[in-house]
2 protein chains.
Amino acid sequence: MSLDAGSSKALYRQLADILRSAILRGDYAPGEPIPSESELIATHAVSRTTARQAMALLGNEGLVIIGHGRRATVRPRSPVRRLARTRLSRAERQHSGGTFMADAAASNSRPETETTIVIEPADAETASLLGVDEGTSVLQRRRRMLLDGRPAQLATSYLPADLARGTQIEQRDTGPGGIYARLEELGHTLSRFVEVVATRMPLPAEIDALQLSPGTPVLIVTRTAYDNDDKPVEINRMTIAGNLYELAYDIPAN
Amino acid sequence: MSLDAGSSKALYRQLADILRSAILRGDYAPGEPIPSESELIATHAVSRTTARQAMALLGNEGLVIIGHGRRATVRPRSPVRRLARTRLSRAERQHSGGTFMADAAASNSRPETETTIVIEPADAETASLLGVDEGTSVLQRRRRMLLDGRPAQLATSYLPADLARGTQIEQRDTGPGGIYARLEELGHTLSRFVEVVATRMPLPAEIDALQLSPGTPVLIVTRTAYDNDDKPVEINRMTIAGNLYELAYDIPAN
DNA sequence: CAGTGGTCTAGACCACAAG
DNA sequence: TTGTGGTCTAGACCACTGC
């Protein structure tokens with residue numbers, strides 16, 4: 001409960017340990033303030049730097065929210081929304097405005113989408129995923145989705161420009177059922193999706209766009225849609241706030 | 001390229017921006033050293049604290065690896081292993097020592113597993129997932145898996161103790177096909193799995209067990225195995241180093 | 001041994017939040 | 001206005017790495 005100056009463990013780490021234990025034990029409830037810097041300085045006889053190092057450590061662990069001018073608080077467990085990937089079934093896709101809209105409807109939230117559409121040559125990675133040559137013209141639909149006014153995820157779709165030319169896929173509003181419905185109308189009947197899930201810390205632009213607080217990682221989901229010839233027809237790269245979402249996958253046992 | 005003391009942006013953030021851009025641009029290759037604190041101090045006329053704040057920021061973003069006594073280096077992109085969840089098919093399960101072994105075999109690595117087996121009363125969350133009453137005796141198989149001597153993931157299986165009593169599931173070595181094969185032999189034919197994927201920053205114990213460097217989030221996968229009556233028979237909670245793994249899911253388009 | 005990063009202190013001034 | 005956290009400085013001593 002008190003600091004040991006002789007310990008090989010740094011003072012600020014010991015201090016962080018004390019606070020972390022207290023938080024995990026529930027001494028400070030989610031949303032409640034933890035001791036201020038001044039209090040830590042007084043209680044544990046350390047310098048301000050040491051107190052701040054301890055706080056910063058907990059902030060980067062995602063345990064506390066530190067904000068200018070207000071006391072640091074225990075990070076509330078945000079209500080986690082579950083994104084069920086079964087929503088990719090054809091039936092689900094068709095009577096909704098795409099997977100995001102389906103998820104929004106399921107969670108009783110007001111969805112908004114900002115869309116930017118550009119055509120650019122494919123970089124090496126995108127080209128490889130889409131099965132086209134590097135430099136091939138690719139249509140990018142960059143979207144920022146919000147739920148109830150709060151940023152939820154970033155998503156960019158990539159399709160060969162040839163394939164989308166002159167179709168509603170080039171429009172802001174892709175119509176009922178979204179891109180996938182349009183693709184099937186074009187004769188690209190979809191056979192399966194592959195989603196690859198990874199995680200990393202967000203870049204500053206992503207922190208900004210998703211309004212993330214320190215210590216919040218993002219989920220990076222790369223979805224590839226394959227047609228009946230097992231040819232990739234669309235790539236969707238998603239960046240999802242790790243504190244707000246979890247992904248659920250259903251896997252048959254055979 | 002140079003710092004602006006009048007800017008509203010903190011000096012250390014400006015400095016971090018400069019370094020980050022240089023790294024992302026490729027000026028410093030992965031694994032290569034970035035400027036030392038002394039160099040930053042000399043080049044940009046800042047105090048050591050400011051230089052260190054900038055470095056720490058990049059460290060927490062996972063862009064650089066900072067180590068005592070050695071120069072900070074650009075974080076090398078670890079070879080990412082893909083964990084294909086199709087490996088959960090019955091055919092795959094049966095001729096391997098479980099999903100971890102299957103993945104290891106697929107990646108030509110030498111797998112090791114440390115296993116601890118305990119029986120404990122279920123906490124509220126586990127009870128709810130397993131569909132049993134809180135406090136019911138639950139068998140826990142805690143495993144730490146290593147590939148080529150390096151920690152790869154932590155996994156704990158939870159099964160109702162009644163169900164596992166007297167079976168090989170209570171042993172360290174669960175035999176060919178692992179737990180799932182034993183469950184099916186016991187009459188619990190598996191119908192499906194649900195995997196829920198989330199991410200967060202690791203706790204100190206996890207950092208230690210997985211040898212994670214700062215700025216590395218973990219993937220938290222909770223897998224539930226259901227039998228033919230759609231009753232959960234096993235829960236598997238996995239903690240996976242986010243810099244080493246990605247998960248691949250195959251989703252039929254229907 | 002020299003160079004690098006790790007920890008810690010004391011003190012200063014600023015910016016934001018809330019009463 | 002008061003208290004809180006944000007930024008920055010100068011300086012000191014320590015511990016690890018690698019020549």
Side-chain angles (χ1 to χ4, degrees), chain A residues 2-19 28 31-75 204 207 211 213-215, chain B residues 2-19 28 31-75 204 207 211 213-215:
Chain A
S2 61
L3 303 183
D4 171 14
S7 162
S8 68
K9 193 167 214 170
L11 284 178
Y12 79 91
R13 290 185 188 278
Q14 296 180 51
L15 184 46
D17 287 347
I18 291 174
L19 291 169
Y28 305 107
E32 296 291 293
I34 63 173
S36 70
E37 292 178 1
S38 340
E39 285 167 351
L40 293 178
I41 292 168
T43 313
H44 297 92
V46 292
S47 71
R48 190 175 170 212
T49 306
T50 301
R52 280 180 62 76
Q53 275 180 295
M55 298 273 268
L57 190 54
L58 298 178
N60 286 324
E61 288 174 2
L63 286 180
V64 301
I65 301 289
I66 303 174
H68 197 169
R70 62 185 85 178
R71 282 170 87 109
T73 53
V74 176
R75 181 183 205 133
I207 293 177
Q211 294 176 14
S213 55
Chain B
S2 60
L3 303 184
D4 170 14
S7 162
S8 67
K9 192 166 214 171
L11 283 178
Y12 79 90
R13 290 186 187 278
Q14 296 180 50
L15 184 46
D17 287 346
I18 291 174
L19 291 170
Y28 306 107
E32 295 292 293
I34 62 174
S36 70
E37 293 177 3
S38 341
E39 286 167 352
L40 292 178
I41 292 168
T43 313
H44 297 91
V46 292
S47 72
R48 189 175 170 211
T49 305
T50 301
R52 279 180 64 75
Q53 276 180 295
M55 297 275 267
L57 190 53
L58 298 178
N60 286 324
E61 288 174 3
L63 285 180
V64 301
I65 299 290
I66 304 174
H68 196 169
R70 63 186 83 180
R71 282 172 88 108
T73 52
V74 177
R75 182 183 205 134
I207 292 176
Q211 294 177 17
S213 54

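Chain A is the first sequence line, chain B the second, and so forth, proteins listed ahead of strands; every chain is numbered from 1. Keep in mind it's a predicted model, so treat the numbers as computed, not measured.
Contact annotation: B/S36 does not reach the phosphate of C/dG3 (side-chain N/O to OP1 or OP2, under 4.0 Å).
The side-chain heavy atoms of A/I65 and A/R75, taken from C-beta on, include a pair separated by under 4.5 Å. For the pair A/K9/A/D17, a side-chain contact is recorded, criterion being any heavy-atom separation below 4.5 Å from C-beta on.
Proximity of a side-chain donor or acceptor of A/E37 to a complementary backbone N or O of A/R48 within less than 3.5 Å is not detected.
Counting only heavy atoms from C-beta on, B/Y12 has its side chain closest to D/dC8 among D/dC8, C/dC8, C/dG6.
Mapping A/A45 and A/R70 onto DNA chain C by nearest heavy atom places A/A45 closer to the 5' end of the strand. With the nearest nucleotide of DNA chain D identified for both B/A10 and A/A72, A/A72 has the one nearer the 5' end.
If you measure from atom CD1 of A/I65 to atom P of C/dA17, you get 15 Å, rounded to the nearest angstrom. The CG-P distance, from B/L40 to C/dT4, rounds to 11 Å in whole Å. As a whole-Å value, the separation of B/E37 CD from D/dC16 P is 16 Å.
Non-hydrogen atoms lying under 4.0 Å from DNA chain D are contributed by B/S47, B/R48, B/T49, B/T50, all within residues 47-63 of chain B.
Taking the 5.5 Å centre cut-off and the 30° plane limit, the aromatic side chain of A/H68 is not classed as stacked on C/dA17.
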